[in-house]
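The structure appears right after this line, and notes come after that.
We count residues from 1, following the sequence as given.
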Amino acid sequence: MAGRPDNHDDLLNLSDDEDNEGPTYHSGQLPPMTDEEMLHTYNISNSSVPQPPISTTNDDFIGAQMTAGLPGGPGHVPAGSESSLRPPMLGQTGRNYSQTSDLNNYQRYSDADNDGYSDSASMAGGYYATGGGIDEDNVPGLPLNQGKSKHRSRNSILSLGGGIVGKAKNMMGMGPEYSEMDLPLTEHHARADGVAGAGLDSTQDSTTGPRKARTTPGATFKFGLPSLGRGKPDPSTLGPRIIHLNNPPANHANRYVDNHVSTTKYNIATFVPKFLFEQFSKYANLFFLFTAILQQIPNISPTNKFTTIVPLGIVLLVSAGKEMVEDSRRRSQDRQLNRSPARVLRGTRFEDVNWIDVQVGDIIRVTSEEPFPADILLLASSEPEGLCYIETANLDGETNLKIKQAIPETSTCVSPAELARLGGRIRSEQPNSSLYTYEATLTMQAGGGEKELPLAPDQLLLRGATLRNTPWIHGVVVFTGHETKLMRNASATPIKRTNVEKKVNIQILMLGGVLIALSVISSIGDIVVRVTIGKNLWFLDYATLNVASQFFGDVFTYWILYSNLVPISLFVTVEIIKYYQAFLISSDLDIYHSATDTPANCRTSSLVEELGQVEYVFSDKTGTLTCNMMDFRQCSIAGLQYSDDVPEDRRAMDGDDSGIGIYDFKALERHRTQGANGEHIAEFLRLLSTCHTVIPETNAEKPGVIKYQAASPDEGALVEGAVQLGYKFMARQPKAVTILVDGERQERYELLAVCEFNSTRKRMSCIYRCPDGKIRCYCKGADTVILERLAIRDDVVEKTLLHLEEYAAEGLRTLCLAMREVPEAEFREWRDVYNTAATTVSGNRAEELDKAAELIEHDLTLLGATAIEDKLQDGVPDTIHTLQTAGIKVWVLTGDRQETAINIGMSCKLISEDMTLLIVNEENSEATRSNLAKKLEAIRSQHAGNAEMETLALVIDGKSLTFALEREMEKQFLDLAVMCKAVICCRVSPLQKALVVKLVKRHLRAILLAIGDGANDVSMIQAAHIGVGISGMEGLQAARSADVSIAQFRFLRKLLLVHGAWSYQRISKVILYFYYKNTALFITQFWYSFQNAFSGQVIYESWTLSFFNVIFTVMPPFVLGIFDQFVSARLLDRYPQLYQLSQKGVFFQNHSFWSWVGNGFYHSLVLYFVSELIWWDDGVLPSGEIAGHWVWGTALYTAALVTVLGKAALITNIWTKYTVIAIPGSLAIWFIFLPVYATVAPKLGFSTEYTNILPVVLSSPKFWLMMIVLPALCLVRDFAWKYAKRMYYPQTYHHVQEIQKYNIQDYRPRMEQFQKAIRKVRQVQRMRKQRGYAFSQTDESQARVLQAYDTTRERGRYGEMASSRR
């Protein structure tokens, strides 16, 4: 059926009866919208392609209207008919399809181009590039093929870019940013759109011959050269993966990939092509390559043929060196991970090996708190019935522990000897990217024959997850390295390019346009001279004039002559500056975390200036904003507040029952033993210590120490809180729990029933027969559901409500606790109803159990409330508040519940008290659209009516977000979101995080930063312009995939506000200065052409001209780019509003480019014509000879050099010893170079222009006059302009510079106490309107766990715990 569950009994289609078409039952509930379904129906990367709304597709999926072709439905073709398409049975050879039930949606196993030995595998090949195993473009009736949609073609690497450039871009990793995360996960769900219409009958016709070959574009494409061994067969054509137990030679014969993981950008084969493509995508390098080629043509170049190609080669070598250094860092981090220790079964004992040596088929042992080195099938564990707990926060962001269970047939293999005797084979699906599905069978010897056992996701432990609360597990490796599901969800390291780089590329084109214009003008001038006065210039030896050929020849000549207008060393200088800026970030002790010895690490230095332009920050919550550590902080019992840490101004004295004062936990102990509320407090603590699903773990080496295995951190914190207050949970048995009160007496509670928590009930209840013989129902849950089930609402309830509001206002996670005594007769009657509900087989057992629970959860007595702190990382509230002040919008994307997310938003100052919360939490597409439209209309009407705009915060849950990302709604959602100061998306999947980032990236011209700490954040990190990884609790996957890694969220403040602003301003100034200095010197050539009959004669010696950028003016840009500070770090942090200068691009706008180039033209004009006036008489020497052309050229070169160095001094904000070395030092280098070069070069026949000029130059007064007068004439205008701007048109940073210079104190009035009081009032008012709860319990059934454990038994020889059911 369309809604049948995934794990039905005949999951692998093993039934011997081929005609078995019996009914398939399902729960009747709407299946959740998965990532696969969302992406399959909605192409997020292309909004222009019409797509059906997700809700419509989902309705069809349920089977509301489309039943044709489904099993048992009208038109269904019975099995065995010629036209039906059924998978071959497992016993057949050549099996090509996955085992996905009776739904006719068979697809090939997985990645077609599974090039496991190629580092480019995840980038270019794969099932996703070829579009799956069925040629859907030729299958009539498929919804995706209606109208000949190119839904698969977009995944072909040959169709992405269009043309040769597009192909090259994709091969080099420069194509559209897509990965497997952009494409449907291979999650095998029943899909109506996969079987609609005619079905798949046309894909194979048994009567007409073999299956037709694929014609989908990209089906046969292979990245790389076949000769390099890159062409592996399509794994989907190999059928299922066969893995032999304890048979390494057989597994080795299948040549599975090894367990190495690489996150590097290059390898030996791809470095040269990928690097060259990246470099020559910069127009400047292409320009100089073209110029170098022109210089090799005889009679075209007026300069030496090597003066361009040598500097270009140096530039490329330096850039290549920088890339190699950065990539080697990534490689060393990968090596560290690949050499992590693992224990593999060799013979009859476990041996230590490195992760990289783990192979498919190995049986390995993983102990508690260790990550899994590969994808593993669970064979056995130390816990009863093969149970184990894993934490998948690194995969999907969920903090709750997940329960996995081995199959009974292998769960007893606890010793190495038993494992070594284990024989058989696993028939597994091929590697794919679906985290939540898995299909396999285990064939074992049994009773003289073979027995096939089904394996499901319950037995699969994924790389990236961590073993928790379980001493050890044994498992067999099924997927390794880049074939693990974690790596299948990762994409190749993208090549990111900054806004500044893109602008520079455009500006280089503009300069190229200027150069062409100058060349054309000069060429026309040459033609005019030749035509008009050419006969008089007999000494130039003009040949016969062919206007066309002469014109184009002149254009190329002048192109070479003026080519230095485009700065050849700009890019390499900027790359080196960025590298050093990244080094300064990594060396900053303010963003070094001493507790974990973790410095910042700027992995991609080319993005540093983007840190100064961020407008949106997308943050994960768990592990990024919070520590994922729960503390039991406060509680309210019988209307009195108790806390572990009481503020002095709130401390209550004994006898104070107003409910306003707060007692400490010592007072609670006194009240329990001596006070009037003693019994009330005792019941409260009994509930905390008994009503839960925690498993106590004892250690034989430490008898008195109990470690609590909690599936949710909240539960663990509550049990730990009860221990702190004297009620210690000791042991769990299937039908009883034991607690120790005050360390003296044990109390045993007989467990009669458990009404489990789920997200609908928002509560859990345990019914116990207590030591006094009475039956009590203990219930804990959200205040909204507990309060409506109370017998009476008295003064205690009202006081507790006030306390709940206070806790929620502080961002604490709250729960209400209640109980009632149940009469024996009522319980017996209820137990019959409960047992009937528990044995329901009609598909709605969960609903029946909920109804049964309602019958006993009534007339409760409120015991009190608890408050748990989900500890924020240090400095998170201040950091978020400061970022918002700087004009940065913060969006939190989390897998947590709405109430939890809002509470954390409050506590970390993302949401403030004066904000209006806009909550979107709808069940279907139409309701979501209506909700968004109403909110947008209300905001716009308020804005149109000139009413004061309220500060808004948007909260949207994962289901609504799925609908909001549909093509028809995405713009509406985005319009609403950008109007809000803060956005919280809760219950979102890892894929949705990336889709939200891509949505904003596609529609807004803003720089986006994504920050997270787990593997579930990698897709979001790589989708944003800048990815920041937290080197935190959840492992290093995010940090390895990020551009920058830091240890704490609070370090983002200095990273952006200080380093980002500095980097952007420095890089901007360096680039503009480069344009200026090249224009100022080289445009003098243009002015000279008007007086040399446009002959192409140069003023300066060729190599001296080339050394201008490479030697004589190379140091000032480095000093400006590395050490300059337009405002100090302290004041940038003090005035975060200054960040908006770089955010809005004030320092690097197009008018800035033209004004600096224009200034260069002006200086070149002054330099040329004033020098001409000084040398008007040709510089007659005392001997009567004239000084000559090269003396004047050398003097002009010196004056121009002093001018551009003087300009560098004028724009320097802070003078350091390096500035002194760089600016006066550059002039000193010229005066050292000139005499040495002018003496040596002519003797070597290398530079004949400088023959005998040295004595003339240095003894000429005009030379020294030019060196002083010309720079002064040029720079007086610049100085006057700077004075006028600062005095009469100052910008904000000018004021702050004055504050810094004169150390002016900040006397802004401080009203913090008053503002704090106002905030408190607003907070309470808001919480009255909207109060939530935070109950981080897992929704999955805990009953099997509780029934399996008997912690009173001793563990066995190998640390295993036997099941209580035996």
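- One finds a salt bridge joining D975 and R940 here, because a Lys/Arg side-chain nitrogen approaches an Asp/Glu carboxylate oxygen to under 4.0 Å.
- Judged by distance alone, the side chain of N924 and the main-chain N or O of A927 form a donor-acceptor pair under 3.5 Å.
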**Study point:** Derivation and outcome, side-chain contact (heavy atoms from CB on, under 4.5 Å), residues S960 and N931
**Key:** CA-CA 10 Å; S960 296; N931 193 329; over 6 Å; no

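- A distance of 11.5 Å separates CD of Q1022 from CG of D1017, quoted to the nearest 0.5 Å.
- Taking every heavy atom of both residues into account, L872 and P877 meet most closely at CD1-CG, 3.9 Å.
- Between the side chain of Q992 and the backbone N or O of G958, at least one donor-acceptor pair lies under 3.5 Å.
- Listed for the K404 side chain is a donor-acceptor partner under 3.5 Å among the backbone atoms of P457.
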Practice item. Quick one: do L462 and T484 satisfy side-chain contact (heavy atoms from CB on, under 4.5 Å)? Show the steps, please. Key: CA-CA 8 Å; L462 299 181; T484 58; over 6 Å; no

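- For the atom pair I984 CD1 and I902 CD1, the distance stands at 6.5 Å (nearest 0.5 Å).
- Separation of atoms CZ (F963) and CD (E923) is listed at 7.5 Å; rounding is to 0.5 Å.
- The salt bridge (Lys or Arg N to Asp or Glu O under 4.0 Å) test applied to K981 returns no partner, not counting sequence neighbours.
- Q459 places a side-chain N or O within 3.5 Å of a backbone atom of Q405 that can act as its donor or acceptor partner.
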Check your understanding: Going through the checks in order, is the side-chain contact (heavy atoms from CB on, under 4.5 Å) test met by I880 and L625?
Key -> CA-CA 10 Å; I880 289 182; L625 301 179; 4.1 Å; yes

Practice item. Please assess F973 against V920 for the test side-chain contact (heavy atoms from CB on, under 4.5 Å), listing each intermediate value before the final yes or no. Key: CA-CA 10 Å; F973 164 64; V920 181; over 6 Å; no

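- Taking 4.5 Å as the limit, some side-chain heavy atom of S925 sits within range of a side-chain heavy atom of M969.
- Here the closest non-hydrogen pair linking L965 and L995 is CD1-CB, 4.0 Å.
- For the pair D620 and K993, the minimum side-chain heavy-atom distance is below 4.5 Å.
- Taking both residues in full, the closest heavy atoms of G464 and L486 are given as CA-CD2, 4.0 Å, listed atom of the first, atom of the second, then distance.
- Separating the CG atom in N921 from the OG1 atom in T928 is a distance of 9.0 Å, to the nearest 0.5 Å.
- Side-chain atoms of D375 come within 3.5 Å of backbone atoms of K485 as a donor-acceptor pair (strictly under, hydrogens ignored).
- Salt bridge annotation for R763-E788: absent, with no cationic side-chain nitrogen under 4.0 angstrom from a carboxylate oxygen.
- With values rounded to the nearest 0.5 angstrom, E615 atom CD is found 12.5 Å from L1009 atom CG.
- To the nearest 0.5 Å, atom CG of residue D957 and atom OG1 of residue T962 are 8.0 Å apart.
- K1001 places a side-chain N or O within donor-acceptor distance of the main-chain N or O of A1023, the cut-off being under 3.5 Å.
- Minimum interatomic distance between L804 and T814 (heavy atoms only, all atoms of both residues): CD2-CB, 3.7 Å.
- The closest donor-acceptor contact from the side chain of E715 to the backbone of T693 lies under 3.5 Å.
- Using a 4.5 Å cut-off on side-chain heavy atoms (C-beta onward), I403 and Y389 make contact.
- Between T466 and I390, every side-chain heavy-atom pair lies at or beyond the 4.5 Å cut-off.
- The two residues T437 and E429 have their closest heavy-atom pair at O-OE2, 3.8 Å.
- For the pair A1024 and L1008, the tightest heavy-atom approach, listed with the atom from each and the gap, is CB-O, 3.7 Å.
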